[in-house]
Amino acid sequence: MTFKEMNAAVMLLGAVVISAWVLTGAIGDPTLTLSAVATRLCWAILASIVFNIAAIIVFTILISIAQGREFRDEVADERDRLVGAKAMRNAYVVASLAGLAALIVWALGYEVTTGVYVLFGGLMLAGAVDAGSQLVYYRIG
Amino acid sequence: MGKGQPGITNTIRVLRFHAGEMTQAALAEKVGVTRQTIVAIEQGRYSPSLEVAFRIAAAFGVPITEVFSWQAAD
């Protein structure tokens, strides 16, 4: 496993963990105001950043110990940029669909907060698709 | 070029052998790409840009046609 693959795996893990946390909160207290939901999602974004940084540090240390040498990132080359672009393209499709889904939810007359959750969930899914696509493209070309 | 193309083959493994069993890491350093990219090219999972293809040929001191060949699909 390369550093970039590990980074993608951590991003994927982070998206799953944070999404699960937000979903649990949404189900546990569905009567929150828009302001409260927005605040919760801001905390979720902050938690996502902290989780990713901490997980990368921890996994880098663990893999370095397991391999017996420093596990570090390499300078990106043309293949890395191509993999990143293709993964981003997939994520863009999912993010666009998330935007559309949120609009449909509001158009159908659901609560504003429901649409916000749909939008946030869709964007987290887009992040997961980006990371998952990178893993697939690095493995199968 | 992008994802590996079915009609493109390469002789990098043979050329590395004739170059004193040059490692993939050494070739990667000479070409200026990561070792994983050399692995992917060698296995036909990735077709490099024209520039990288020329760099690989230059690393072995051979013409590009001796490294890569292309056969049209029937």
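Please read these numbers as outputs of a predicted model, since none were measured by experiment. Heavy atoms only: backbone and side chains are in, while hydrogens, waters and symmetry mates are out.
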Could you measure the distance from the OH atom of A:Tyr138 to the OH atom of B:Tyr46? Nearest 0.5 Å is fine. 10.5 Å

Has [X] got more than 12 heavy atoms of other residues, nucleotides or ligands less than 6.0 Å from its [atom1]?
X        : atom1 : answer
A:Phe71  : CZ    : yes
A:Met88  : CE    : no
A:Glu111 : CD    : no
A:Phe3   : CZ    : yes
B:Arg13  : CZ    : yes

If I measure from the heavy atoms of chain B, does A:Val75 come under 4.5 Å with its side chain, its backbone, both, or neither? backbone

In terms of heavy-atom proximity below 4.5 Å to chain B, should A:Arg139 be classed as side chain, backbone, both, or neither? backbone

Okay, side chain of A:Arg79, backbone of B:Thr34: is any donor-acceptor separation there less than 3.5 Å? no

For A:Glu78 and B:Ser49, which I'm curious about, is there any donor-acceptor pair between the side chains at under 3.5 Å? yes

With heavy-atom distances below 4.5 Å as the criterion, would you say the side chains of A:Glu5 and B:Gln36 are in contact? no

